[in-house]
Amino acid sequence: MWKKFNNFLHPAELDLNFEELAFKVNGYLLNIMQANEAHISDVIELEREVYYGKTPWNKRAFESELSKHNTIYLVVYNGAGLVAFAGMRMQGQEGHITNIAVKPMFQRLGIGTYLLKLLTEIAYKNRAVQMTLEVRTDNRQARSVYQKFGFVPNFVRKNYYISEHADALSMIKRITDEEQEEVN
């Protein structure tokens with residue numbers, strides 16, 4: 001019985017491989033690829049830009065995430081410059097968005113939404129029925145993006161961001177039949 005339960009929580013057959021692809025947005029040619037350790041310094045620099053000089057995750061945290069069999073990180077480049085990244089951890093039948101960031105000059109172009117769509121497709125392909133994430137309660141812009149994508153508030157996690165004594169809103173989204181059909 002324990003083995004069956006453990007396989008449900010941690011399926012061994014996850015397919016978290018991603019084929020690199022290119023697309024154009026507002027005249028920018030962007031390449032999306034699966035992240036590896038060589039991308040970590042770019043990711044940390046983007047964090048600094050997005051989070052006003054702070055880095056919520058350090059190098060060791062990203063190295064740890066990239067080494068897990070149940071995580072996937074995507075990076076988006078415009079030439080040699082990183083413009084966005086997003087990460088997801090598969091937990092049973094759930095895809096949990098660990099982080100997502102888009103360079104300020106590339107925000108409001110649909111890149112974040114596109115990354116959410118790709119991660120949803122990957123999660124569904126791996127038998128997920130829902131997506132979850134946490135977002136600062138005071139981050140209205142991000143909350144708006146997530147709500148437009150179908151995430152709804154679930155509950156508040158008090159002092160989730162310990163260093164800033166800030167609360168997080170846990171959000172959840174069921175993967176709809178229409179999204180499931182797009183993947184098949």
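For this chain, numbers begin at 1 and follow the sequence in order. This structure is a prediction, so every number in the text was calculated from the model and none was measured. Atoms considered below: every heavy atom in the structure, side chains included; atoms not considered: hydrogens, waters and symmetry mates.
Sorted by first and then second residue, the salt bridge (Lys or Arg N to Asp or Glu O under 4.0 Å) pairs with a member in residues 86-108 read E49-K103, E65-R89; sequence neighbours excluded. The stretch residues 15-41 participates, sequence neighbours left out, in these salt bridge (Lys or Arg N to Asp or Glu O under 4.0 Å) pairs: D15-K125. Listed by first and then second residue, the ring-ring contact (aromatic ring centres under 6.0 Å, His included) pairs that reach into residues 94-113 are Y28-F106, sequence neighbours excluded.
Residues satisfying the side chain to side chain contact (heavy atoms under 4.5 Å, CB included) test with I172, not counting sequence neighbours, are Q130, T132, V152, N154, R174. In terms of the side-chain hydrogen bond (donor to acceptor under 3.5 Å, both in side chains) criterion, N31 has no residue partners (sequence neighbours excluded). Applying the side chain to side chain contact (heavy atoms under 4.5 Å, CB included) rule to N58 yields the partners R60, A61; only residues at least two apart in sequence or on another chain are considered. Taking the side-chain hydrogen bond (donor to acceptor under 3.5 Å, both in side chains) definition, one finds that Y114 meets it with nothing, sequence neighbours left out. K148 meets the salt bridge (charged side-chain N to carboxylate O under 4.0 Å, His left out) test with no other residue; sequence neighbours excluded. For A80, there are no side chain to side chain contact (heavy atoms under 4.5 Å, CB included) partners, not counting sequence neighbours. Take A142 and apply the side chain to side chain contact (heavy atoms under 4.5 Å, CB included) test, not counting sequence neighbours, and it matches V135, N139, Y146. Qualifying side-chain hydrogen bond (donor to acceptor under 3.5 Å, both in side chains) partners for Q141, counting only residues two or more places apart in sequence or in other chains: Q107.
A continuous path of hydrophobic side-chain contacts links V76 to M105 [ILVMFWY only; heavy atoms under 4.5 Å]. Residues M171 and F155 do not share a hydrophobic cluster, clusters being chains of Ile/Leu/Val/Met/Phe/Trp/Tyr side chains in contact below 4.5 Å.
Residue L30 holds its CG atom at 5.5 Å from CG of N78, rounded to the nearest 0.5 Å. We find the CE-CD1 distance between M90 and I72 to be 10.5 Å, quoted to the nearest 0.5 Å. The distance from the CD1 atom of I175 to the CD atom of E121 is 10.0 Å, given to the nearest 0.5 Å. Here L115 contributes atom CG and I97 contributes atom CD1; the two are 9.0 Å apart, rounded to the nearest 0.5 Å. Atom NZ of K68 and atom CG of L14 lie 13.5 Å apart (nearest 0.5 Å). The OG1 atom of T113 lies 11.0 Å from the CG atom of L118; values are rounded to the nearest 0.5 Å.
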**Item:** Working for side chain to side chain contact (heavy atoms under 4.5 Å, CB included), residues L169 and R143
**Value:** CA-CA 9 Å; L169 178 63; R143 287 175 57 182; 3.6 Å; yes
**Prompt:** Going through the distances and angles, do I122 and Y124 end up as a side chain to side chain contact (heavy atoms under 4.5 Å, CB included)?
**Reply:** CA-CA 5 Å; I122 292 166; Y124 176 72; over 6 Å; no
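L16 has its side chain out of reach of F18: every pair of non-hydrogen atoms, C-beta onward, lies at least 4.5 Å apart. With a 4.5 Å cut-off on side-chain heavy atoms, K59 and S41 do not count as touching.
Hydrophobic cluster membership of Y51, counting Ile, Leu, Val, Met, Phe, Trp and Tyr whose side-chain heavy atoms lie under 4.5 Å apart directly or via other members: M33, I40, V43, I44, L46, V50, W57, F62, L66, Y73, V75, Y77, L82, F85.
For the pair K117 and F149, the NZ or CZ position fails the cation-pi test of under 6.0 Å to the six-membered ring centre and within 45 degrees of the ring normal.
The two residues Q34 and H39 have their closest heavy-atom pair at O-CE1, 3.8 Å. Shortest non-hydrogen contact noted between G112 and I100 is O-CD1, 3.7 Å. Smallest separation of non-hydrogen atoms from A128 and G95: CB-N, 4.0 Å. The heavy-atom pair separating G87 from L119 by the smallest distance is O-CD1, 4.1 Å.
Of the possible polar contacts, none joining the E134 side chain to the Y160 backbone as a donor-acceptor pair under 3.5 Å is found.
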